[in-house]
Peer 1: 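Dropping a structure here in structure tokens format, bear with me for questions.
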Amino acid sequence: MKYKTLKGLQDILPPEISIWQHIEKTSREIFCTYGYQEIRLPVLESTDVFIRSIGETSDIVEKEMYTFQDKGGRSVTLRPEGTASFVRAYVEHHLYNEPAPQRFYYMGPMFRYERPQAFRYRQFYQIGAEAMGIEEPKIDAEIISMLARILGDIGLKGLNFEVTSMGCKNCRPAFRDALKNFLRDKLGSFCSDCQRRFDLNPLRILDCKVPDCISSRQGSPPVTDYLCADCKGHFESLKHNLNMLNVPHTINPNLVRGLDYYIKTAFEVTSESLGSQKAVAAGGRYDGLVDEFGGPPTPGIGFAIGMERIVPLIKDSMKNSDGPDLLICPIGEEASEKAFLLAEKLRMERLWVEANYVGSSLKSQMRKANRINAKHIVVIGDSEIKNGEAVVKNMVNGTETKSALNGEELAKTIRIQGIIPLK
RNA sequence: GUGAGUGUAGCUCAGCCGGUUAGAGCAUCAGGUUGUGGCCCUGGGGGUCGGGGGUUCGAGUCCCCUCACUCACCCCA
């Protein structure tokens, strides 16, 4: 084989694509009920957009970006996530002048140059939502509730919603110091990664999965003790609102987000049935990001769902039963012409119709009908053409119905069998 | 970037201590007396055994290199 997809990239083929469409359709419906509107953003941005927002020292920026020079010598980057591009657009088009909250959603590919692994790709798809202009924690609860609704309506079960507050510019440094003080003298009992994290990103130690690290960090000060009055009030109110909306969740003070811009509310949805990449969606609040991009101080909160993480979770429950509403099986040359024409007529009735173009035995045509999951067949031979009447056979239950041999009548007959034409 | 594992037909895999023309199931195509499917039966097509080198009378099998894929770490959706 000469050509293959690049490492970490994949083709998504028809049997599976129906799951993707199901997820996208369901998401759009729910977004609509909450007033979120679609926004389409370019996949390519000036590299600065990401360095500025995600953080110079983050892993994404340091080693995972698809960055290259365009022909004009500019440094451009394939987006590694959606929020940075979104905020750029938000500021560029002065969307903050619309009445708050401004709510948007997007879906599309993201790119990170990472070593691929189960449920992790270099080109991966996210469905994201962003709510701008409201600081009130009701919007935090609303967006988490909406996320729960989307995932639930898609058909996912057994998900775990974890919520925490990460503090803000004012209180996070205090927590960081307290944590480092707690860890400093027992650093020797942590894994080498955690020892490295101590200076780099001490918060990450809270989320290490090495058993020794888990036990060694027992009794570490919880973030929630170090929140400033503002953050604490926000967090308390968020919890209250989540309970009001009956969103099942657990408080996980050890939850850590990877991007620099998150403050206050952070959340993550995980599934135990996924192996090591178990986060299916995650998000948080990013109140300082708009001013970072030169806009007015504007609060914002959002999340992203990882498509590749949820597709396998519903793969088994969604059997693909797609097939034509009708397969026309002609016998003989004249019938073949008739079938060709009839198929076109029936498609004008918004039915999925196939006609066999190569003449073969009826038996093999029937086998094909079965194989491609055709819901009905109609056999056309000399006598059908002569009488202007044919038998429509329902391939699911075997019943046969006589019908006049023209587009309208055939369409009617098929609809009686319970086939709903496409909109 | 680090570590481990796996590469044989379209797919899932078997192939013993190296030994004739490399196998099975599924899939595919064609048939199984005139125009009725799924089950069953018969047959056909399809493989430079990932690639290169070496050892040997002889390599899918042993050794080395290389490439690809997978899983895990880091990190993340």
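Residue numbers start from 1 in every chain, and the chains themselves are labelled A, B, ... in the order their sequence lines are given, proteins ahead of strands. Since the model is a prediction, treat every value here as computed from it, not as a measurement.
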Peer 1: Mind checking who B:C57 pairs with, Watson-Crick or G-U wobble, both distances under 3.5 Å?
Peer 2: B:G19

Peer 1: Evaluate whether atom CZ of A:Arg347 has more than 12 neighbouring non-hydrogen atoms of other residues, nucleotides or ligands under 6.0 angstrom away.
Peer 2: yes

Peer 1: Using OP1 and OP2 only, check whether a side-chain N or O of A:Arg197 sits under 4.0 Å from B:C74.
Peer 2: yes

Peer 1: Is B:C11 paired to anything, Watson-Crick or G-U wobble with both distances less than 3.5 Å, and if yes, which nucleotide?
Peer 2: B:G25

Peer 1: Find which nucleotide of RNA chain B each of A:Ser364 and A:Asp59 is nearest to by heavy atoms, and output the residue with the more 5' nucleotide.
Peer 2: A:Ser364

Peer 1: Mind checking the C1' distance from B:G23 to B:G15? Whole angstroms is fine.
Peer 2: 7 Å

Peer 1: What about A:Glu384, does its side chain sit under 3.5 Å from the base of B:G35 through a donor-acceptor pair?
Peer 2: yes

Peer 1: Mapping A:Arg367 and A:Thr5 to their closest nucleotides on RNA chain B, which lands nearer the 5' end?
Peer 2: A:Arg367

Peer 1: Please determine, for the side chain of A:Val379, which listed nucleotide (B:G35, B:A77, B:C71) has the closest atom?
Peer 2: B:G35

Peer 1: Could you tell me the separation between the CG atom of A:Leu156 and the P atom of B:A77, rounded to a whole number of Å?
Peer 2: 18 Å

Peer 1: Give the rounded distance in Å between these two atoms: CD of A:Glu389 and P of B:G35.
Peer 2: 21 Å

Peer 1: Below 4.5 Å, heavy atoms only, C-beta onward: do A:Val76 and A:Gln69 meet side chain to side chain?
Peer 2: no

Peer 1: Which of the following nucleotides, B:C75, B:C74, B:G35, is nearest to the side chain of A:Lys63?
Peer 2: B:C74

Peer 1: Measure from the side chain of A:Glu308, starting at C-beta and using heavy atoms only, and say which of B:A77, B:G31, B:A68 lies closest.
Peer 2: B:A77

Peer 1: Charged N to carboxylate O below 4.0 Å: is that the case for A:Glu29 and A:Arg149?
Peer 2: no

Peer 1: So do A:Thr83 and A:Glu130 actually touch side chain to side chain, heavy atoms under 4.5 Å?
Peer 2: yes

Peer 1: If the C1' atom of B:G44 is compared with that of B:G35, how far apart are they to the nearest Å?
Peer 2: 26 Å

Peer 1: Check the distance between B:C74's C1' and A:Phe198's CZ and give it to me in whole angstrom.
Peer 2: 20 Å

Peer 1: Work out which heavy atom in A:Arg122 is nearest to a heavy atom in A:Tyr113; give both atom names and the distance.
Peer 2: NH1-CE1, 3.2 Å

Peer 1: Whole-Å distance between B:G38 P and A:Asn373 CG?
Peer 2: 15 Å

Peer 1: In whole Å, I'd like the distance from the CE atom of A:Met107 to the P atom of B:A77.
Peer 2: 18 Å

Peer 1: Return the nucleotide paired to B:C69: Watson-Crick means purine N1 to pyrimidine N3 with N6-O4 or O6-N4, wobble means G-U with N1-O2 and O6-N3, both under 3.5 Å.
Peer 2: B:G5

Peer 1: Taking NZ, NE, NH1 and NH2 as the nitrogens, is one of them in A:Arg40 or A:Glu38 under 4.0 Å from a carboxylate oxygen of the other?
Peer 2: yes

Peer 1: Nearest to the side chain of A:Arg120, heavy atoms from C-beta on, is which of B:C69, B:G37, B:C75?
Peer 2: B:C75

Peer 1: Hey, does the side chain of A:Lys363 come within less than 4.0 Å of B:G35's phosphate (OP1/OP2), counting only N and O?
Peer 2: no

Peer 1: Between B:G37, B:U2, B:A77, which one does the side chain of A:Asn370 approach most closely?
Peer 2: B:G37

Peer 1: In the strands shown, is B:G31 matched to any nucleotide by a Watson-Crick or G-U wobble pair with both distances under 3.5 Å, and which?
Peer 2: B:C41

Peer 1: Could you state the CD-P distance from A:Gln365 to B:C29, rounded to the nearest angstrom?
Peer 2: 13 Å

Peer 1: Grab the CD1-P distance between A:Ile331 and B:G37 for me, whole Å please.
Peer 2: 12 Å

Peer 1: Would you tell me if any nitrogen or oxygen in the side chain of A:Gln117 comes within less than 4.0 Å of OP1 or OP2 on B:C71?
Peer 2: no

Peer 1: To the side chain of A:Gln126, which of B:C71, B:A77, B:U36 is closest?
Peer 2: B:A77

Peer 1: Side chains of A:Asp382 and A:Ile331: closer than 4.5 Å at any heavy-atom pair?
Peer 2: no

Peer 1: B:U36, B:G35, B:C73: which one has an atom nearest the side-chain heavy atoms of A:Ser383?
Peer 2: B:G35

Peer 1: Can you find a donor-acceptor pair, distance only, under 3.5 Å between A:Arg112 side chain and B:C75 base?
Peer 2: no

Peer 1: Let me know the distance between NZ of A:Lys278 and C1' of B:C75, rounded to the nearest Å.
Peer 2: 15 Å

